[in-house]
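Read through the structure below, which is laid out as structure tokens, and then see the notes.
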Amino acid sequence: MERVTGIGGYFVRASDPAALSAWYRDVLGLDLDEHGLWQPSAGPTVFAAFERASDYFPVEQQTMLNFRVDDLDAMLAQVRAAGGTVADEVQDMDGVGRFGWVSDPEGNRIELWQPE
């Protein structure tokens, strides 16, 4: 059986694609080239399906992007310093890590994960 070997891309509609790409580059630090190519660090990736009525992320949002980070507190402070929207709560999950949430300028909720 052939198997998927990784995430090949994440595509999002935006009212201002250049500005949204710049936000991901300048605020979250994605080293994107002119084509949007990014070489992430090796590490765990989670694929999980949620019940349609789940309130884990906004119901009008069909998917939620999760980024691995080395220092969740520093990343949340960086987003705040850039004027970004940061959720008040931070979740600690034993054996998994810490989670925080931000929203991009288009209102998409993004999960930030500091693995244990």
Side-chain angles (χ1 to χ4, degrees):
M1 176 179 154
E2 288 296 315
R3 298 192 183 277
V4 170
T5 60
I7 304 289
Y10 184 79
F11 308 98
V12 60
R13 296 183 193 280
S15 58
D16 188 341
L20 189 60
S21 294
W23 184 86
Y24 279 87
R25 183 190 63 238
D26 299 340
V27 176
L28 296 185
L30 269 69
D31 293 324
L32 304 172
D33 73 7
E34 66 274 9
H35 304 290
L37 183 63
W38 169 51
Q39 298 287 334
S41 302
T45 299
V46 175
F47 178 88
F50 286 76
E51 292 289 334
R52 187 166 301 280
S54 171
D55 63 356
Y56 193 72
F57 54 96
V59 294
E60 65 275 4
Q61 187 175 318
Q62 293 299 304
T63 63
M64 181 171 62
L65 185 57
N66 171 299
F67 286 119
R68 275 180 279 116
V69 299
D70 290 327
D71 185 333
L72 180 62
D73 293 328
M75 179 61 80
L76 295 174
Q78 182 173 298
V79 173
R80 278 189 194 97
T85 304
V86 177
D88 292 333
E89 75 272 11
V90 171
Q91 179 183 18
D92 292 292
M93 187 179 286
D94 286 339
V96 178
R98 300 181 68 227
F99 298 88
W101 297 269
V102 302
S103 294
D104 72 19
E106 297 274 339
N108 299 301
R109 186 170 168 100
I110 300 163
E111 185 169 71
L112 301 174
W113 171 34
Q114 180 182 323
E116 282 193 349

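Throughout, numbering of the chain's residues begins at 1 and tracks the sequence.
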Answer yes or no: does atom CG of Asp70 have more than 12 heavy-atom neighbours from other residues, nucleotides or ligands under 6.0 Å? no

Backbone of Val96 reached by a side-chain donor or acceptor of Trp113 within 3.5 Å: yes

Indicate yes or no for a side-chain donor-acceptor contact from Glu116 to the backbone of Asp94 under 3.5 Å, with no hydrogens or angles considered. no

In terms of heavy-atom contacts, Val90 and Arg98 come closest through CG1-NH2, 3.3 Å

Separation between CG (Leu72) and CD (Gln91), nearest 0.5 Å, reads 11.0 Å

*Under the 3.5 angstrom rule, does the side chain of Arg68 hit a backbone N or O of Pro44 as a donor-acceptor pair?*
yes

Check: Can you get from Trp101 to Val69 by hopping between Ile, Leu, Val, Met, Phe, Trp and Tyr side chains that sit under 4.5 Å apart?
Finding: no

Self-check item: Geometric class of the Trp38/Phe67 ring pair [parallel <30°, tilted 30-60°, perpendicular >60°]
Solution: perpendicular

- Task: State, with a plain yes or no, whether a side-chain heavy atom of Phe99 is found less than 4.5 Å away from one of Glu89.
- Result: no

(Q) Walk me through whether Val27 and Val102 qualify under side-chain contact (heavy atoms from CB on, under 4.5 Å). (A) CA-CA 11 Å; Val27 176; Val102 302; over 6 Å; no

task = Check the pair Leu65 / Thr63 against side-chain contact (heavy atoms from CB on, under 4.5 Å), numbers first and verdict last.
result = CA-CA 7 Å; Leu65 185 57; Thr63 63; over 6 Å; no

Looking only at heavy atoms, the pair that brings Gln61 and Gly107 closest together is OE1-O, 4.2 Å

So do the side chains of Asn66 and Val46 get within less than 4.5 Å of each other, counting heavy atoms only?
no

#### Entry: CZ (Phe47) with more than 12 external heavy atoms under 6.0 Å
no

Does Glu106 use its side chain to pair, donor to acceptor, with the backbone of Leu20 at less than 3.5 Å?
no

| task | Would you check, one step at a time, whether the test side-chain contact (heavy atoms from CB on, under 4.5 Å) holds for Tyr56 with Met64? | result | CA-CA 9 Å; Tyr56 193 72; Met64 181 171 62; 3.5 Å; yes

- Answer yes or no: is there a side-chain heavy-atom contact under 4.5 Å between Arg52 and Gln62? yes

Connected via hydrophobic side-chain network under 4.5 Å: Met75 and Leu32: yes

Quiz item: Under a single-linkage definition using a 4.5 Å side-chain heavy-atom cutoff for Ile, Leu, Val, Met, Phe, Trp and Tyr, are Val79 and Tyr24 assigned to the same hydrophobic cluster?
Solution: yes

Carefully, step by step, assess Asp31 and Gln39 under the rule side-chain contact (heavy atoms from CB on, under 4.5 Å). CA-CA 8 Å; Asp31 293 324; Gln39 298 287 334; over 6 Å; no

In this structure, CG of Leu76 is separated from CG of Asp71 (nearest 0.5 Å) by 9.0 Å

Output for pair (Asp104 CG, Leu28 CG), nearest 0.5 Å, gives 8.5 Å

**Prompt:** Counting heavy atoms not belonging to Asp55, are there more than 12 under 6.0 Å from its CG?
**Reply:** no

